2 protein chains.
Amino acid sequence: MTTTSTGGPLWLTDEEQSVWRAYLHATTLMEDHLDRQLQRDAGMPHIYYGLLVHLSQAPRRRMRMTELAKDAKITRSRLSHAVARLEKNGWVRREECPSDKRGQNAVLTDEGFEMLARSAPGHVDAVRHAMFARLTPDQVASLGEIMQVIATGLQPEGVDADLPWLR
Amino acid sequence: MTTTSTGGPLWLTDEEQSVWRAYLHATTLMEDHLDRQLQRDAGMPHIYYGLLVHLSQAPRRRMRMTELAKDAKITRSRLSHAVARLEKNGWVRREECPSDKRGQNAVLTDEGFEMLARSAPGHVDAVRHAMFARLTPDQVASLGEIMQVIATGLQPEGVDADLPWLR
DNA sequence: GACCTTTTCTTGAATATTGAACTAGATAGA
DNA sequence: TCTATCTAGTTCAATATTCAAGAAAAGGTC
């Protein structure tokens, strides 16, 4: 069989192509759906909402910028811009880090927390209706395994050995 | 059990939460990975590449703007901007539609086709290595079913009854 | 301490995306 | 035909993202 420089076959099989199209289609629609839902109900895109969720789960509702960026899988640059926006909304504030003068903590404000508390049920609802309500328990389990395999494979080298995305 | 206005349970189960995190994590990493790969090897983001692929598969390598936007699941506005950019690169050109003077066809140029031919193997490789090479045949089949269920559920109402994404 | 490298975070410019407003042409009904 | 409405596509302004460059502090090493 014809192979590539990396040893795999050159093209995808028909089934793989069809799965790939379905994957692209579903993930695109899901992201659009949640972006719209959150823009409407919480006034921000999905990724910004995710930042607030991360902060809400951190001890004392605050995190170093770099740690937050790592957890949320975005660049520090993007996070800087995002936090600036969330700060304008009053949902996050920056705080100097006592132990490292270069550092900043992003802190979820009470306003931010309340906003999250208000919008979380609607968001969870959207996720459940779009995904979990439509899948059998076996499919949910299978999806979880598959997504972990993919994430592990794409994870940058040398990442924490304790598989943080399993927490 | 506490339920929402739509009748579902209020929160996700622990397993669902973990699957949802894995889903977000994997899809984010995948999109970033492919965006970088294509930006590096083809000089454009994933979605733009997808537009060229769509055109390459259309009869006479051309499509009405609205049809292309629908197939690629993006807004007409976004498509207008994207085609303007691809036109600058010489990979697409616009052509008036003979049957409807409002209409435009986006046409894949020969240059565009050659660029696609050059970069497709690398892209397919990236997709295979990130996804299919890591999954068992059962997992591939399962992923396909799951993604179709999700896509079908999010599909706007009144869409073509012949499930175009299965083609 | 002096020097070099690394880490942390921000900034600015270029690009991309969104949503609303808009133009031109098509369509349908009187 | 006249008019109202709808559709195709673009444009603008506001927002978001990327990438490269930069400032400031920390961490080595001599």
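This is a predicted model, so every value here is computed, not measured. All chains are named by letter (A, B, ...) in the order of the sequence lines, taking the proteins before the strands, and each is independently numbered beginning at 1.
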Answer yes or no: side-chain N or O of A/H81 and base N or O of D/dT15 forming a donor-acceptor pair under 3.5 Å.
no
B/T66 (side chain) and D/dT7 (base): donor-acceptor pair under 3.5 Å
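Counting by modelled atom types and ignoring angles, no donor-acceptor contact under 3.5 Å is found here.
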Let me know the distance between [atom1] of [X] and [atom2] of [N], rounded to the nearest Å.
{"X": "B/R78", "N": "D/dT17", "atom1": "CZ", "atom2": "C1'", "answer": "12 Å"}
{"X": "B/R94", "N": "D/dG9", "atom1": "CZ", "atom2": "C1'", "answer": "9 Å"}
{"X": "B/I74", "N": "D/dT10", "atom1": "CD1", "atom2": "P", "answer": "12 Å"}
{"X": "B/L68", "N": "D/dA8", "atom1": "CG", "atom2": "P", "answer": "14 Å"}
{"X": "B/H46", "N": "D/dT17", "atom1": "NE2", "atom2": "P", "answer": "18 Å"}
{"X": "A/L79", "N": "D/dA16", "atom1": "CG", "atom2": "P", "answer": "14 Å"}
{"X": "B/R36", "N": "D/dT18", "atom1": "CZ", "atom2": "C1'", "answer": "9 Å"}

Minimum-distance nucleotide to A/S77 side chain [options: D/dG9, D/dT17, D/dA20]:
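Closest of the options to the side chain of A/S77: D/dA20.
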Is the closest basic N to carboxylate O distance between B/E96 and B/K101 below 4.0 Å?
no
Check A/R85 with A/E87, please: is the shortest side-chain N to carboxylate O separation under 4.0 Å?
no
Comparing nearest nucleotides in DNA chain D, the 5'-proximal residue of the pair B/Q39, A/G43 is A/G43
B/D100 or A/D100: which one's nearest nucleotide on DNA chain D is closer to the 5' end?
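So the residue in question is B/D100.
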Counting only side-chain N and O atoms of B/R76, is one of them less than 4.0 Å from OP1 or OP2 of D/dT10?
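Result: no.
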Think B/Q104 has a side-chain N or O under 4.0 angstrom from the OP1 or OP2 of D/dA8?
no
Should the ring pair B/Y23 and B/W20 be called parallel, tilted or perpendicular, given that the plane angle runs from 0 to 90° and is split at 30 and 60?
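Ring orientation of B/Y23 relative to B/W20: parallel.
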Under the side-chain hydrogen bond (donor to acceptor under 3.5 Å, both in side chains) test, which residues partner B/Q37, sequence neighbours left out?
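Partners of B/Q37 by the side-chain hydrogen bond (donor to acceptor under 3.5 Å, both in side chains) criterion, ordered by chain and then number, come out as B/D41, B/H123.
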Atom pair CZ/CH2 of A/R128 and B/W11 - distance to nearest 0.5 Å:
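Interatomic distance, A/R128 CZ to B/W11 CH2, rounded to 0.5 Å: 10.0 Å.
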Nearest heavy-atom contact between B/G103 and B/R64 is CA-NH2, 3.5 Å
Range on DNA chain C touched by chain A - first to last nucleotide, heavy-atom distance under 4.0 Å
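Endpoints of the contacted stretch of DNA chain C: C/dT7 to C/dG19.
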For A/M65 and A/R102, take the nucleotide of DNA chain C holding the closest heavy atom to each; which residue's nucleotide lies nearer the 5' end?
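Checking each residue's closest nucleotide, the 5'-ward one belongs to A/R102.
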For A/I47, answer base if it contacts any base atom (sugar-phosphate contacts may also be present), sugar-phosphate if it contacts only those atoms, and nothing otherwise; contact means non-hydrogen atoms under 4.0 Å.
sugar-phosphate
Using a distance-only test with no angle check, is there a side-chain donor-acceptor pair under 3.5 angstrom linking A/H25 and B/Q155?
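A/H25 vs B/Q155: donor-acceptor pair found between side chains.
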